[in-house]
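Working notes, beginning with the structure itself.
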Number of protein chains: 2
Amino acid sequence: MPALKDSYIIPAAADMHVHLRNAPGPIASLVTPTIRKAGIDTVFVMPNLAPRPVVSVDEALAYKDALVQLDSGVNYLMSLYLHESITPEEIRKAKSAGVFGVKAYPRGATTNSQWGVVSFDPFHDVLKAMEEEGLVLNLHGEVPSSAADNVTVMNAEARFLPVLKGLVEKYPKLKIVLEHCTTADAVEAVRSLGDNVVGTITAHHLSLLVDDWSANVHHYCKPAAKTPEDRRALLNAVVTSNGKFFLGTDSAPHDISSKKGKGNTAAGVFTQPYALGYVLTALEEAIARNDIPASSVTDDVLSGFLSRYGRAFYGLPTTGLPQIRLTRGAARVEESLRGKGEDGVEVEVVPFRAGEVTWGVEWL
Amino acid sequence: MPALKDSYIIPAAADMHVHLRNAPGPIASLVTPTIRKAGIDTVFVMPNLAPRPVVSVDEALAYKDALVQLDSGVNYLMSLYLHESITPEEIRKAKSAGVFGVKAYPRGATTNSQWGVVSFDPFHDVLKAMEEEGLVLNLHGEVPSSAADNVTVMNAEARFLPVLKGLVEKYPKLKIVLEHCTTADAVEAVRSLGDNVVGTITAHHLSLLVDDWSANVHHYCKPAAKTPEDRRALLNAVVTSNGKFFLGTDSAPHDISSKKGKGNTAAGVFTQPYALGYVLTALEEAIARNDIPASSVTDDVLSGFLSRYGRAFYGLPTTGLPQIRLTRGAARVEESLRGKGEDGVEVEVVPFRAGEVTWGVEWL
């Protein structure tokens, strides 16, 4: 007997960490329409575009307009990329323009982090303004790898946690999201801090371990998936969240040439079109492994993690939402998604669990 | 000023862990002639051929004949794959036929380990015979990954070390090689055991860390490269070996389709043609990082690790050997090696540090 029910009706989901890439652009055109298909109507959009990240309110609004052109049925929560060019005035402008957060990337830690933060000290006035305005600080919580300091992809997140705690001490009212938590240490750190500090958890980190990405480039992402103990902690964080943890898929589409081409492997797992199904499958597999009790996956837990808790943190309504039905076995993940930009450039993105049967989504 | 001299003259090297693949066959034809080119004239040949591993003396001798056809200037030390079909009689036959070792693969731990060992208990009589005959047990020292037991590619070697110690306790005179040590724990375990227990160290594990293989499929191998602390321990093992550690490259050629093709990534780093240069470069980089003192890399250390210690362990002469000269900057690693089998099948193998300048080799 399956550990979960065969179908669930929950409020439309919110995915509080997505990469949609440059818009207009072939990958944005391919990926953006899959948001609603996935049962999601609200997304927090990451600003790490290349060759230029989103560092001003005007750029964020222009980006939003371009995304609305691709699908006007999605509520895009926009963000800025924490950068030395951002002033406290820009933070106040961001707040009044409806920008929701500022993403901090440690320099060198992940995709398009070359313009990122070395130290938070130079950003004191900006962080103060964010604290005052209630603008969220979104943290990519890794320190850069360093042989001298014995930092690798495996402990880069744990090594970042003192930085998180230092920020909380210095800016006690600042709203902070520790994005894409991957370790038991991160879960514990978020739990130990106040209500203004939460964590997002991706769909794929509820399934993957280091072994999975070692031999499969489509499973490689930053932060990298870690150990069975870490995965167990993430799964338990989902089912005991109470608002401290919510879905942020970090869905990161890359053209196949960035995964299987001549050069190094781009970091990122593409989960957007089937994100909710991946979560349900991961929870069911976790029950089978005794990582979580079957009784822990209630309707309330699912609607909280997938829909309500993220909205609540960002100050969005959590009632009166459209409903979706998730149905076991009613969809199959494509082997790949293909598209073409207006310039004729072809792109191919391979989704997580390609070819597998998954949960179907209907809007009610 | 470079940390090493610009050239070294040492006895011909011995590489005590190589994968030459099926012979005749396109990869064997491509790779075998690169052994002497690399300054190596003695190799310990691993038996994990597919679809059938080398499980009898007759097969080992036939494999050796086929390799001699490809290059008669190399001394091939042959091995058997520890398998339930092997009897104590076959062990005695192996000894008298000049087979040098029996390789044990934990089932499921690496390439072509599907016929491997689940427990050593059923092999008691075979191991007793090996101990009596002086046949070497070559261990792939990893336990299979297991979510239930919290084993991943990162701790699979450390988890194997109690198995090694158990074997030493039960068969105190058995000659054992812990192949391709990758961790500080493995180095310490080998050091703590008697003279009949040694370790091989590859060229690439003296350079690589987990970060390197995370984004580069050509750097992915089993056991996987680990942390800066682990690499430091390996480098120190090389320069303080005193016979406990010697070169076994685990050079593992795979066609590009197994690295960059549609499926999962094959494990293995191809180092055969430039193995000695990779070691020298790694030592020089280690000096620059202060992982080892510059004074530790003496002519005696190099000739011991690269040439004499492996021969001594396998009972081969260590004097009167041909000499080679290694010269800084006198060679460049190809972007790839291409060949064609007798059946017309084309193969392409990408070497470690492709395109980089490296040390040249001359036979004197």
Side-chain angles (χ1 to χ4, degrees), chain A residues 108-111 142 144-156 184 207-232 235 256-268 285-286 288-291 335-336 350 354-355, chain B residues 108-111 142 144-156 184 207-232 235 256-268 285-286 288-291 335-336 350 354-355:
Chain A
T110 190
T111 306
E142 290 192 298
S145 289
S146 158
D149 295 330
N150 294 319
V151 180
T152 69
V153 292
M154 293 302 287
N155 64 357
S207 293
L208 296 178
L209 303 173
V210 51
D211 283 60
D212 295 302
W213 58 262
S214 72
N216 186 331
V217 295
H218 298 300
H219 292 167
Y220 169 58
C221 61
K222 292 293 300 295
K226 310 232 164 34
T227 70
E229 293 100 321
D230 290 316
R231 182 176 63 182
R232 202 173 300 128
L235 289 157
I256 186 79
S257 64
S258 300
K259 285 289 194 181
K260 289 278 189 177
K262 268 195 97 61
N264 277 8
T265 309
E285 291 172 349
R289 282 192 309 269
N290 289 317
D291 277 355
E335 291 295 340
S336 69
V350 176
Chain B
T110 189
T111 307
E142 291 191 298
S145 289
S146 158
D149 295 329
N150 294 318
V151 180
T152 69
V153 293
M154 293 302 286
N155 64 358
S207 294
L208 297 177
L209 303 173
V210 52
D211 283 61
D212 296 301
W213 59 261
S214 72
N216 185 331
V217 295
H218 299 300
H219 292 170
Y220 168 58
C221 60
K222 293 293 301 292
K226 310 232 163 33
T227 71
E229 294 99 321
D230 290 316
R231 182 176 63 182
R232 202 173 299 127
L235 289 157
I256 187 80
S257 64
S258 300
K259 284 290 195 182
K260 288 280 189 176
K262 267 196 99 61
N264 277 8
T265 309
E285 291 173 349
R289 283 193 309 268
N290 290 317
D291 277 356
E335 292 294 340
S336 68
V350 175

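Reminder, nothing fancy here: chain letters follow the sequence lines and each chain counts from 1.
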Working note: B/H219 + A/N264, criterion side-chain contact (heavy atoms from CB on, under 4.5 Å); need CA distance, chi angles, decisive distance, verdict. CA-CA 10 Å; B/H219 292 170; A/N264 277 8; over 6 Å; no
Worked verdict on A/R232 versus B/N150 for side-chain contact (heavy atoms from CB on, under 4.5 Å): CA-CA 10 Å; A/R232 202 173 300 128; B/N150 294 318; 3.2 Å; yes
Looking at every heavy atom in both B/N216 and A/T265, which two are closest together, and how far apart are they? N-OG1, 4.3 Å
If I measure from the heavy atoms of chain B, does A/A147 come under 4.5 Å with its side chain, its backbone, both, or neither? both
One should read off an interatomic distance between B/S336 OG and A/K262 NZ, to the nearest 0.5 angstrom, of 6.5 Å
Note: vs chain A, highest number of non-hydrogen pairs under 4.5 angstrom among B/A266, B/A148, B/S145, B/A267 is B/S145
OG-CH2 distance between B/S214 and A/W213, expressed to the nearest 0.5 angstrom: 5.0 Å
Highest number of heavy-atom pairs under 4.5 Å with chain B among A/A215, A/A156, A/G261 belongs to A/A215
Find the one option among B/D149, B/V210, B/N155, B/V151 whose heavy-atom pairs under 4.5 Å with chain A are most numerous. B/V210
Atom pair CZ (A/R231) and OG1 (B/T152), whose distance is rounded to the nearest 0.5 Å: 11.0 Å
Please check this pair: side chain of B/D211 against backbone of A/V153, looking for a donor-acceptor N/O pair closer than 3.5 Å. yes
